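Worth saying up front: this structure is predicted, and the values here are computed from it rather than measured.
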Amino acid sequence: LLTSLSGLCELNSKIKSVCFGNKLFITERQSPRHGGESVADVLRAHGVKFVFTLVGGHISPILVACEKLGIRIVDTRHEATAVFAADAVARLSGTVGVAAVTAGPGLTNTVTAVKNAQMAESPLLLIGGAAATLLQGRGALQDIDQMSLFKPLCKFCASVRTVREIVPTVRKALAIAQSGTPGPVFIEFPIDTLYPYHVVEKEFAPKNTPKGLMGKIIAWYLQNHLSNLFAGAWETCDLSPLSVHIPHATENEVQRCVELVSRAKKPVILLGSQATLPPTPADDVRKALESLGIPCFLGGMSRGMLGKNSPLHIRQNRRDALKEADLVLLAGTVCDFRLSYGKVLNRQSKIIAVNRDRSQLLKNSDMFWKPTVAIQGDAGSFLLRLSKALKGHRCPEEWPRILKEGDTIKEKANRAKADEKTERHLNPLSVLHRVDELLAEDSILVADGGDFVGSAAYIMRPRGPIRWLDPGAFGTLGVGGGFALGAKLCRPESEVWIVYGDGSLGYSVAEFDTFTRHKTPVIALVGNDACWSQISREQVPLLGSNVACGLAFTDYHIVADGYGGKGYLIGREDESQLDDIFKKAQKECREGKAILLNVLIGKTSFREGSISV
């Protein structure tokens, strides 16, 4: 038996092919190629321009291969930032954003950002390293059950087991990320699927000649496993993108909506982020909305869809408008907490709901509202078809005019609040108004915070579609650094502003190092009131304590200086010079400096009654 086994081991060491079914796979043991090259080949074939990462040995072959193919590797100071940056790229480019992180804690650090991408419906590929295939579950470095972590968060999860699986698995994942309701996907790459054969063989091969029956059996098994791991690895295969499935409204559904809209006297459109998704260009959606002439409330990434001063864009008094409307079109908007679970909708109104995701389409319809027509389909293309079918028909002009007058009255009142003196420091509303007036037309606004950002949402006006990036329904703090990084890389000619609360700044201020190293200058506007004000506003009157809400008027501008940026401390004594300071910051940003404006602000009553839970 020993003689036979010895002969088998010797024969196996010479075999260079493995047979599965009717297909013979060749194992090219002398090839210097590695699995990271296969990953990079697929990403390049799909038009991926950036991979965001925090480096780790498990994933080094992917990063090196991508760089060689011209895919830009952008390393961050936290794994969550890498995923947030990939999320921003997905939103702005219409392709899949890609982040690659190392095994174990590298992946666990991304969980919040991946969940945020899931709820924001961003197509994103997360690449994760993993322990070698034979060592998983045996106590290897950073080895945990990663698949169980990401299955609830991702549309698709896969663990690659052989090098030949890499190309089809990555192609499949990228297609799934973009199909239906977009979202994140995850692929785990054990380290032995990424390094070259000769490197992996050194780890597998016994250090000494095996002795005894068990030693020879183990050596034989390891050699077979290695041959299978690399069998067929470098065969030519298709790298091109698979088809992406996007649901669309039927002709009957569109026709029924045409009839409802044509009869409406006081229609309203609530536009959500889904209306900005590919394949419909945002400019075409804007033209469709202008053709319909229906007043619109814009949320999420659809903010700015109608430009800065459109007569159809209504920003204030949404609750009152919805109570009076006789038809409401929810175009990618969900009846969750942002619409009081549907309770703000008039039960007498005709309601058309369009959403790619069926669960979001009908959320809370069993309790507080009922759709007249519910369409599981793409909101952007639906609006184009609706506009085309209603060509020549426009909403009665009196209705949007009345709503716009209400807008004007409310905004005048808000502006009056901005002129009030706060007890100390600067009035945050005044600061936001001043910045809004100076924004360049191509500016992108990133929202990361609570109270200060909540005020900014009412005051600052994105100049065009997909020029406002906020976390979305998950309300995640810490998106600022990553979103701004992704935005600046996608739109290098644009002025990118992060509107930070002083609390949320703490999550990603270290990314000023990233902005400096990767030459991605942005401007951070920090509303520093030394407090988690959105929480404190309710906690103190309800529970009588400000515990855990207080911060300090920290010198965040010095932190930015330390990371290679430029910081400014701005207080009440600078009030008369605010415009000059902001213009100087814009100029320095254009010249390549990342800027942090540490603005000391006081308290106002502007957001009294806003929710924090």
Side-chain angles (χ1 to χ4, degrees), residues 76-78 80-81 421-432 434-435 438 445-456 477-485 488 496-518 520-536 546-589 591-604:
T76 64
R77 300 304 297 267
H78 196 286
T81 296
K421 285 286 184 186
T422 50
E423 187 175 333
R424 62 175 182 159
H425 302 310
L426 290 166
N427 185 318
L429 309 180
S430 176
V431 171
L432 291 166
R434 302 278 277 276
V435 172
L438 294 172
L445 301 172
V446 173
D448 186 8
D451 199 67
F452 188 60
V453 169
S455 298
L477 294 180
V479 302
F483 277 13
L485 177 64
K488 189 64 179 179
V496 176
W497 287 75
I498 317 172
V499 183
Y500 273 124
D502 55 335
S504 61
L505 173 68
Y507 288 89
S508 65
V509 68
E511 302 306 336
F512 266 78
D513 169 71
T514 308
F515 301 145
T516 300
R517 288 185 297 108
H518 287 281
T520 50
V522 304
I523 304 174
L525 177 70
V526 183
N528 186 353
D529 62 356
C531 187
W532 295 95
S533 291
Q534 186 157 303
I535 310 304
S536 177
N546 199 47
V547 63
C549 295
L551 296 171
F553 287 105
T554 301
D555 290 335
Y556 299 115
H557 52 291
I558 296 177
V559 178
D561 288 340
Y563 280 124
K566 173 64 177 175
Y568 289 88
L569 177 64
I570 303 171
R572 178 170 283 179
E573 65 277 9
D574 304 302
E575 189 165 16
S576 63
Q577 302 170 336
L578 280 182
D579 287 1
D580 291 337
I581 295 171
F582 294 153
K583 287 176 182 177
K584 184 180 179 183
Q586 289 174 305
K587 180 177 180 292
E588 289 180 326
C589 185
E591 292 170 351
K593 274 284 186 184
I595 307 295
L596 189 148
L597 305 171
N598 186 12
V599 185
L600 305 183
I601 58 172
K603 307 289 186 183
T604 75

Exercise. Is the side chain of Asn598 donor-acceptor paired with the backbone N or O of Thr554 at a distance under 3.5 Å, no angle test?
Worked result: yes
For this session: Answer yes or no: are there more than 12 heavy-atom neighbours, outside Glu573 itself, under 6.0 Å from its atom CD?
Result: yes
Exercise. So, the side chain of Ser536 versus the backbone of Trp532: is there a donor-acceptor pair under 3.5 Å, distance only?
Worked result: no
Problem set entry | Steps toward side-chain contact (heavy atoms from CB on, under 4.5 Å) verdict (Gln586, Ile523) | CA-CA 8 Å; Gln586 289 174 305; Ile523 304 174; 4.0 Å; yes
Exercise. Should the pair Arg434-Glu575 be classified as a salt bridge under the 4.0 Å nitrogen-to-oxygen rule?
Worked result: no
Exercise. Any side-chain heavy atom of Ile595 sitting closer than 4.5 Å to one from Pro521?
Worked result: no
Exercise. Do Asn528 and Leu505 touch side chain to side chain, with heavy atoms closer than 4.5 Å?
Worked result: no
Seminar exercise, completed: What one should report as the nearest heavy-atom pair of Asp561 and Gly567 is OD1-N, 2.8 Å
Problem set entry | Shortest non-hydrogen contact from Tyr500 toward Ser508 | OH-OG, 2.7 Å
Problem set entry | Heavy-atom check, side chain of Thr422 versus side chain of Thr604, under 4.5 Å | yes
For this session: State, with a plain yes or no, whether a side-chain heavy atom of Val496 is found less than 4.5 Å away from one of Phe483.
Result: no
Exercise. Thinking salt bridges, do Arg517 and Asp513 make one under a 4.0 Å N-O criterion?
Worked result: yes
For this session: Any chance you could measure Ser504, atom OG, to Asp451, atom CG, to the nearest 0.5 Å?
Result: 11.0 Å
Problem set entry | Inter- and intrachain pairs under ring pair (Phe, Tyr, Trp, His ring centres under 6.0 Å), touching residues 546-568, at least two apart | His425-Phe553
Exercise. Are Leu432 and Ser455 close enough that some pair of their side-chain heavy atoms sits under 4.5 Å apart?
Worked result: yes
Seminar exercise, completed: d(Ile601 CD1, Ser430 OG) to nearest 0.5 Å is 11.5 Å
Exercise. Do you know which two heavy atoms are closest between Ala585 and Leu597, and how far apart they sit?
Worked result: CB-CD2, 4.0 Å
Seminar exercise, completed: Correct closest heavy-atom pair for Thr516 and Gly565 would be OG1-N, 3.8 Å
For this session: Apply ring pair (Phe, Tyr, Trp, His ring centres under 6.0 Å) to Phe582 and list each qualifying residue two or more places apart in sequence or on a separate chain.
Result: none
Exercise. Which heavy atom of Leu569 sits nearest a heavy atom of Asp574, and at what distance?
Worked result: O-OD2, 3.7 Å
Exercise. Does some side-chain heavy atom of Val499 sit less than 4.5 Å from a side-chain heavy atom of Val435?
Worked result: no
For this session: Might you point out which heavy atoms bring Phe515 and Ala594 nearest each other, and give the distance in Å?
Result: CB-CB, 3.9 Å
Exercise. Among Thr81, Leu485, Ile498, which residue meets the side-chain contact (heavy atoms from CB on, under 4.5 Å) test with Glu511?
Worked result: Thr81
Problem set entry | Side-chain (Asp448) to main-chain (Gly478) donor-acceptor, under 3.5 angstrom | yes
Problem set entry | Lys593 (side chain) donor-acceptor with Gly564 (main chain) under 3.5 angstrom | yes
Exercise. Between the side chain of Gln534 and the main-chain N/O of Gly454, is any donor-acceptor distance below 3.5 Å?
Worked result: no
Exercise. What is the distance from atom CD1 of Ile558 to atom CG of Leu596, rounded to the nearest 0.5 Å?
Worked result: 11.0 Å
Problem set entry | Value rounded to 0.5 Å, distance of CG in Leu525 from CH2 in Trp497 | 6.0 Å
